Chemist: 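Have a look at the structure that comes next, please.
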Amino acid sequence: MSAQELEFGLDTFLPVTVDAAGQAISGDQVIRNAVEEAVLAESVGIDSFNIGEHYRTEFMDSASHVVLAAIAGRTERIRLGTAVSVLSTQDPVRLYTDFATLDAVSGGRAQLIVGRGSLTDSFPLFGYDLADYEELFEEKLDLLVRLLRDQPVTWSGRFRTPLEDQLVSPPIPEGSIPTWVGVGGSPNSVLRAARFGLPLMLAVIAGRPGRFAPYVELYKRALGQLGKPELPIGLHSLGFVAETDKEAIEIQWPFYKEQFEWAARERGWRPPTYEQFLAEVDHGSMYVGSPETVANRIADAVRTLSLSRFDLLYAVGRVPHEQRLATIELYGREVVPRVRELLGAGVAA
Amino acid sequence: VTPRLGIVGAGKLGTTLARAAVAAGYDVAMSGSGPAGDIALTVEVLAPGARTATTEEVIEHADVIVLAVPTHRFRELPHDVFAGKVLVDAMNYWEPVDGVDEELTAAGDDPLAVGAVMQLVARIGFDPVDAGPLANGRSLEPATAFS
């Protein structure tokens with residue numbers, strides 16, 4: 001993998017941010033701010049802008065395709081994707097029509113990461129049973145892949161009406177919507193991505209990136225056993241870039257603390273401590289610091305996990321819009337070129 | 001004597017525990033939801049040194065058995081084969097939602113069994129926490145606050 005082939009993405013869940021006075025801003029403003037953030041991302045050379053899917057009051061990313069279409073109208077080159085689409089509770093036919101249309105309006109720039117989601121809000125909201133967690137994803141991925149690769153589709157399953165010789169519009173050239181499988185550490189999900197012949201996106205929000213090296217090996221060996229070609233591997237992790245390490249840590253920590261305290265209360269985790277946060281920043285999965293620090297940490301992860309894509313979920317929690325813009329600017333102008341340089345130097349040596 | 005550990009479930013939690021238990025010197029057998037061959041590659045790569053088997057064989061094999069499958073999968077397991085075994089219920093800890101923490105909590109009514117489990121947890125490098133009688137197990141579910 002040469003350094004030039006590396007793709008750098010920015011990911012966001014459209015968190016409801018605060019203003020300079022610490023007050024939460026309105027949801028509609030959050031959505032318009034995200035469009036501005038994506039426009040800036042393109043202008044500083046980022047390869048893709050990817051939006052999550054949640055159904056709760058702190059995130060405004062419940063209809064990513066609409067936001068991405070608005071971004072498409074303001075940009076020329078940047079790829080527009082999801083991180084992730086919760087396929088388990090979506091109708092694959094609707095997901096296909098939304099993103100085939102986005103692909104058309106953006107001139108072929110749509111992409112997807114599909115996953116089961118780490119939050120479960122969408123299951124009761126759309127009338128699905130969590131007991132079907134595994135089967136829902138398997139079945140819906142099967143249908144989505146057929147719609148993307150091989151229309152007309154004749155298909156039947158447990159969770160929706162069958163299709164008979166069905167054409168779904170708009171048509172797309174085969175493979176024109178790159179579709180990745182998002183994996184949070186379940187071995188079965190890694191094997192599933194290999195079985196469907198789809199690239200693997202690892203979501204790692206804590207611990208050393210090297211912990212996931214066995215999953216990379218599992219994926220490669222499963223592809224080999226199935227007689228499939230090698231496929232790209234990506235990493236999604238969290239981070240924040242500022243002029244200095246000290247500034248980045250000081251800005252990010254209070255918002256990280258707040259976000260993970262909420263998660264801890266809801267999900268039975270232990271609340272975060274400052275020491276754990278610093279450990280994550282030093283050698284774990286928080287890419288926080290000056291451009292040089294973050295570039296070195298990303299380059300290490302790229303080498304350790306043989307990555308061809310790195311997505312940074314920029315600015316964890318309610319970090320204000322102005323500081324999100326500043327982090328995008330530094331990531332695009334300084335971090336990405338420096339990572340390419342570090343990896344290029346590694347190859348030459 | 002090499003202590004024998006059985007793990008039912010070869011997901012993130014099951015393979016993580018298996019890897020730690022093999023490193024701590026346990027003889028580990030584990031099973032997935034299908035035939036043993038289905039998890040062969042997963043176990044070979046993620047928990048080298050552990051053996052794959054059917055769930056019945058895993059239970060037969062081990063003195064201490066960890067159930068590392070989601071709660072809604074429990075009804076698919078054979079209930080009558082667990083008699084006389086120390087059973088660790090990791091099921092209310094649902095890996096896709098909860099991730100892998102470095103602390104495992106034991107609750108039980110048989111002090112010897114709780115002791116065996118605490119020893120297991122300590123040996124494989126997690127932090128054991130005795131949560132008292134089994135009725136307290138309910139408080140270990142993610143949505144419930146300790147108080």
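On a predicted model such as this, the values are computed, not experimentally measured, just so you know. To find a chain, count down the sequence lines: A is the first, B the second, and so on, and within it residues start at 1.
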Chemist: Does Arg297(A) make a cation-pi contact with Tyr287(A), if we ask for NZ or CZ under 6.0 Å from the ring centre and within 45° of the axis?
Modeler: yes

Chemist: Could you check whether Arg221(A) pairs with Glu44(B) (Lys NZ or Arg NE/NH1/NH2 to Asp/Glu carboxylate O, under 4.0 Å)?
Modeler: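 Yes.
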
Chemist: Go through the atoms of Leu191(A) and report whether side chain, backbone, both or neither lie under 4.5 Å from a heavy atom of chain B.
Modeler: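 Side chain of Leu191(A) only, per the 4.5 Å heavy-atom cut-off to chain B.
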
Chemist: Using non-hydrogen atoms and a 4.5 Å limit, figure out which bit of Thr42(B) sits close to chain A: side chain, backbone, both or neither.
Modeler: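 Backbone plus side chain of Thr42(B), per the 4.5 Å heavy-atom cut-off to chain A.
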
Chemist: Less than 4.5 Å to any heavy atom of chain B: does that hold for the side chain of Ala263(A), its backbone, both, or neither?
Modeler: neither

Chemist: The test is side-chain contact (heavy atoms from CB on, under 4.5 Å); show your working for Tyr256(A) and Phe277(A) and say whether it passes.
Modeler: CA-CA 8 Å; Tyr256(A) 176 94; Phe277(A) 174 74; 3.4 Å; yes

Chemist: When you look at Asp311(A) and Arg309(A), which way does the salt bridge (Lys or Arg N to Asp or Glu O under 4.0 Å) test go after all the steps?
Modeler: CA-CA 7 Å; Asp311(A) 279 17; Arg309(A) 174 175 174 186; 2.8 Å; yes

